Amino acid sequence: MTRLEPASLRDVVADQPYPLLFATVSGAHLYGFPSRDSDVDLRGAHLLPAAEVVGLRHGPSTVDRSWTRDGVEIDLVTHDAAKFGHLLLRRNGYVLEQLLSPLVVVTGDAHAELVALAPACLTRHHAHHYRGFAHTQRRLFDVTGELKPLLYTFRTLLTGIHLMRTGRLVAHLPTLATELAEAPGYLGTLIAAKAAAEHDLLTGVTDAPAADRLDTDITALHAALDEAQQESRLPERPTAEPALHDLLVRIRLATVPRG
């Protein structure tokens with residue numbers, strides 16, 4: 001599953017309890033370092049009918065379902081459109097990456113409108129999301145020694161730096177490694193090593209960087225992210241709220257039966 005064709009997953013998400021506004025591939029496949037045994041993480045948004053929103057009995061704001069196909073675990077998590085909209089207006093890089101993922105499984109008009117509104121959801125404070133995620137993954141690497149959290153550490157820091165500088169959200173680590181001068185030259189080696197197995201250790205990688213080199217490089221990337229945030233031209237607050245509200249009202253009312 002290191003080479004994944006999103007269209008092949010449409011049958012997996014076809015039988016859902018609520019209509020999907022979109023579903024995309026996230027996780028290691030989106031980030032550019034899947035392993036042969038990586039799970040497939042599908043993320044998206046569903047639409048509850050008006051009757052399950054305005055009355056006493058509310059439908060689920062989040063739906064989480066899992067399957068196994070050809071020995072690979074597939075996990076689909078979707079949020080109702082209202083919850084997804086609220087998350088977009090926070091400094092939440094996860095939902096923006098899911099919305100903008102180029103690995104599209106299900107799409108439609110509402111998805112296209114959400115994508116068009118994504119730039120108006122970005123703020124300089126999204127740097128906090130990537131900084132915090134990097135700290136968490138670095139601590140996990142220190143405990144496990146696994147390549148996966150180490151690559152997540154680099155990916156999140158580089159995504160944050162790139163976002164602060166350009167206003168564009170890029171989650172694909174190999175692309176970030178070519179576009180940012182601060183990216184360590186050994187990232188390609190680590191990505192290739194992780195392709196062998198999801199939980200391989202750094203110590204098993206030939207020519208792996210030493211611990212002091214990792215410390216120096218990660219510290220430098222944190223400093224670069226701090227500087228990029230300070231100099232960023234991204235706004236302090238998102239401006240998409242009115243348009244997101246109007247979109248949600250329009251698509252929700254369309255679920256009301258006529259007659």
Side-chain angles (χ1 to χ4, degrees), residues 6-7 9-27 29-30 39-69 72-101 103-123 125-126 128-130 132-133 136 169 171 235-259:
L9 298 170
R10 287 174 187 158
D11 62 311
V12 176
V13 302
D15 185 23
Q16 296 304 305
Y18 300 99
L20 296 179
L21 301 182
F22 76 91
T24 60
V25 180
S26 186
H29 290 90
L30 172 61
D39 297 342
V40 177
D41 298 318
L42 303 180
R43 301 292 184 265
H46 63 268
L47 184 64
L48 294 173
E52 295 190 32
V53 176
V54 300
L56 295 176
R57 298 186 296 274
H58 289 191
S61 60
T62 299
V63 175
D64 189 342
R65 307 182 76 185
S66 296
W67 303 262
T68 298
R69 189 172 74 174
V72 176
E73 183 176 340
I74 301 173
D75 183 49
L76 172 64
V77 180
T78 65
H79 302 304
D80 174 60
K83 180 176 181 178
F84 194 85
H86 282 298
L87 291 172
L88 280 176
L89 295 174
R90 300 173 185 171
R91 58 189 190 198
N92 190 313
Y94 296 121
V95 292
L96 281 163
E97 290 169 4
Q98 295 159 16
L99 176 62
L100 299 175
S101 171
L103 305 177
V104 179
V105 179
V106 175
T107 188
D109 292 341
H111 181 212
E113 290 190 56
L114 287 169
V115 169
L117 290 172
C121 297
L122 294 170
T123 74
H125 298 294
H126 279 80
H128 297 300
H129 165 85
Y130 290 105
F133 192 12
T136 300
L169 188 61
E236 290 288 325
R237 298 179 183 83
T239 59
E241 193 275 340
L244 279 172
H245 172 79
D246 291 345
L247 171 61
L248 177 57
V249 169
R250 175 160 37 91
I251 62 177
R252 189 84 77 195
L253 290 180
T255 69
V256 178
R258 297 183 179 182

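Counting from 1, the numbers follow the sequence of the chain as shown. Model, not experiment: these values are computed from the prediction.
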query: Could you give all pairs that pass the salt bridge (charged side-chain N to carboxylate O under 4.0 Å, His left out) test and reach residues 239-252, with sequence neighbours left out?
result: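 Passing the test, one end in residues 239-252: Asp80-Arg252, Glu113-Arg250.
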Would you give the length of the straight line joining atom [atom1] of [X] to atom [atom2] of [Y], rounded to the nearest 0.5 angstrom?
| X | Y | atom1 | atom2 | value |
| --- | --- | --- | --- | --- |
| Phe84 | Leu248 | CZ | CG | 12.5 Å |
| Asp39 | His29 | CG | NE2 | 9.0 Å |
| His128 | Arg91 | NE2 | CZ | 5.0 Å |
| Leu99 | Thr24 | CG | OG1 | 7.5 Å |

- request: Please lay out, stage by stage, how Val77 and Thr62 fare under the test side-chain contact (heavy atoms from CB on, under 4.5 Å).
  value: CA-CA 7 Å; Val77 180; Thr62 299; 3.9 Å; yes
- request: Go through the steps to decide whether Leu9 and Ile74 satisfy the test side-chain contact (heavy atoms from CB on, under 4.5 Å), and finish with yes or no.
  value: CA-CA 9 Å; Leu9 298 170; Ile74 301 173; 3.9 Å; yes
Within the structure provided, determine whether [X] and [Y] are in side-chain contact (heavy-atom separation under 4.5 Å).
| X | Y | value |
| --- | --- | --- |
| Ser26 | Leu103 | no |
| Val104 | Phe22 | no |
| Leu169 | Glu97 | yes |

If every non-hydrogen atom of [X] is compared with every non-hydrogen atom of [Y], which pair is closest and at what distance?
| X | Y | result |
| --- | --- | --- |
| Leu47 | Ile251 | CD2-O, 3.5 Å |
| Pro17 | Arg65 | CD-NH1, 3.5 Å |
| Leu244 | Cys121 | CD1-SG, 4.2 Å |
| Leu30 | Val25 | CB-O, 3.7 Å |
| Ala110 | Leu21 | CB-CD2, 4.0 Å |
| Leu100 | Ala118 | CD2-CB, 3.8 Å |

- prompt: Who pairs with Thr107 by side chain to side chain donor-acceptor pair (under 3.5 Å), at least two apart in sequence or on another chain?
  reply: His111
message: Please enumerate all residues that pass side chain to side chain donor-acceptor pair (under 3.5 Å) together with Thr123, with sequence neighbours excluded.
response: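 In terms of side chain to side chain donor-acceptor pair (under 3.5 Å), with neighbours along the sequence ignored, Thr123 is linked to His126.
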- prompt: Around atom CG of Asp15, are there more than 12 heavy atoms of other residues, nucleotides or ligands at under 6.0 Å?
  reply: no
message: Counting only heavy atoms not in His125 (residues, nucleotides, ligands), do more than 12 fall under 6.0 Å from its NE2?
response: yes
query: Which residue pairs pass the ring-ring contact (aromatic ring centres under 6.0 Å, His included) test with at least one member in residues 45-67, sequence neighbours excluded?
result: Tyr18-His46
statement: Asp11 meets the salt bridge (charged side-chain N to carboxylate O under 4.0 Å, His left out) criterion, sequence neighbours left out, with Arg69
message: Under 6.0 Å between ring centres: does that hold for Tyr130 and Tyr94?
response: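 They do not qualify: ring centres at least 6.0 Å apart.
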- request: Run the salt-bridge test on Asp75 and Arg43 with the 4.0 Å N-O cut-off and return the result as yes or no.
  value: yes
field: Worked verdict on Leu88 versus Leu96 for side-chain contact (heavy atoms from CB on, under 4.5 Å)
entry: CA-CA 7 Å; Leu88 280 176; Leu96 281 163; 3.8 Å; yes
- request: Go through the structure and list residues passing side-chain contact (heavy atoms from CB on, under 4.5 Å) with Arg10, not counting sequence neighbours.
  value: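 Checked Arg10 against side-chain contact (heavy atoms from CB on, under 4.5 Å); matches are Ala7, Val105.
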Verdict with reasoning, Thr255 to Glu52, per side-chain contact (heavy atoms from CB on, under 4.5 Å): CA-CA 10 Å; Thr255 69; Glu52 295 190 32; over 6 Å; no
